[in-house]
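Remarks on the structure that follows.
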Protein chains: 2
Amino acid sequence: MKTLPQISEAEFEVMKVVWKYAPISTNEITDYLVKTTSWNPKTIQTLIKRLVTKGALTYEKHSRVFVYTPLVDKDEYIGQESSSFLNRFYDGDISAMLSAYIDHDKLSDSEINTLRSLLTKDPKKGGA
Amino acid sequence: MKTLPQISEAEFEVMKVVWKYAPISTNEITDYLVKTTSWNPKTIQTLIKRLVTKGALTYEKHSRVFVYTPLVDKDEYIGQESSSFLNRFYDGDISAMLSAYIDHDKLSDSEINTLRSLLTKDPKKGGA
DNA sequence: ACTTAAATATTACGGTTGTAATAAAATTAT
DNA sequence: ATAATTTTATTACAACCGTAATATTTAAGT
């Protein structure tokens, strides 16, 4: 498996926007994040640039503007981070993790039910 | 809620040892981690020191040696990290997260069953 | 009391991150 | 063509991190 680039927390916020709206220009990314964060546009520029350097984003020039597309797949990235999280914090024991969420986050009955139905679905259907 | 100190990934490995064996001396921590990691003892010293500075550990002097005890609660820390992870990566949607684990990590039937039974336990019993 | 050994403390150093400011290049308007 | 504006590129800088090395303090032996 190819190794995905290291994406910092702030950079990840940028990635989320690009994943959602790509292809998207610098200004569009900036407009969006200026509204949803407390970041200065200059900061957002820097984050975008770093993501390009890291190989997480690529772009096409449309005359003066750059229009970005993700180079890393969202599900793959999140899946990898999730596995790594599970290993570091719960030694890979997913039951231990779920237990901790149930205790710590005090899941409501309806959340519990949703989870249960998730686990009850016939895995034969829906598979690849 | 009091804010827990920021603990880095390498520091967290040290914390795990202290959580497990506290009260524990510098040398005991070092011996343990030298075996389970590729770290130089000096590196481990540094990590311990930083954890003290950050308020994650405290110690008692027993003549020349320091004997450490955690100042942050393991479950509390992990719970907080877990909530934060869930929010950042899954927008707080625990079903989405579990779904992703099921898909990405290809959970076995027995794992699925364990999870299901976890969710089926009567929450009335065992509560505080 | 001195020397030695063991433990702790201080210093180092490059990479990453958060957070921008300044500089340069490219377009657009005049 | 120039000037003004917009976009991108370069530079900055401190905190945090991984990874130690060196220095100092303190206890133990002799």
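Here is the naming used below: chain letters follow the sequence lines, and residue numbers restart at 1 for every chain. Bear in mind that the values here come from a model prediction, so they are computed numbers and not experimental data.
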Side-chain contact check for B:V65: nearest option of C:dT19, D:dA20, C:dA7 is C:dA7

Within residues 82-92 of chain B, those residues having any heavy atom closer than 4.0 Å to DNA chain D are none

In this structure, CD of A:E13 is separated from CG of A:L47 (nearest 0.5 Å) by 10.0 Å

Sequence neighbours excluded, the answer for salt bridge (charged side-chain N to carboxylate O under 4.0 Å, His left out) partners of B:R64 is none

- According to the interplanar angle, ranging from 0 to 90°, do the rings of A:W19 and A:F12 count as parallel (below 30°), tilted (30 to 60°) or perpendicular (above 60°)? perpendicular

B:R64 CZ to C:dA6 P, in whole Å, measures 9 Å

Counting only side-chain nitrogens and oxygens, does A:W39 get under 4.0 Å of the OP1 or OP2 atom of C:dT19?
yes

Requested in this report: Confirm from the modelled atom types if A:K49 and D:dT10 form a donor-acceptor pair under 3.5 Å, side chain to base only.
Outcome: no

Note: contacts of residues 7-16 of chain A with DNA chain D (heavy atom, under 4.0 Å) are none

From the list B:T69, B:L51, B:I24, side chain to side chain contact (heavy atoms under 4.5 Å, CB included) with B:L57 holds only for B:L51

side-chain N/O B:Q45 vs D:dA21 OP1/OP2, d < 4.0 Å: no

When you measure only distances, ignoring hydrogens and angles, does the side chain of B:R50 come within 3.5 Å of the base of D:dT19 through a donor and an acceptor? yes

Result for 5'-nearest mapping on DNA chain D, choosing between B:K54 and B:S38, is B:K54

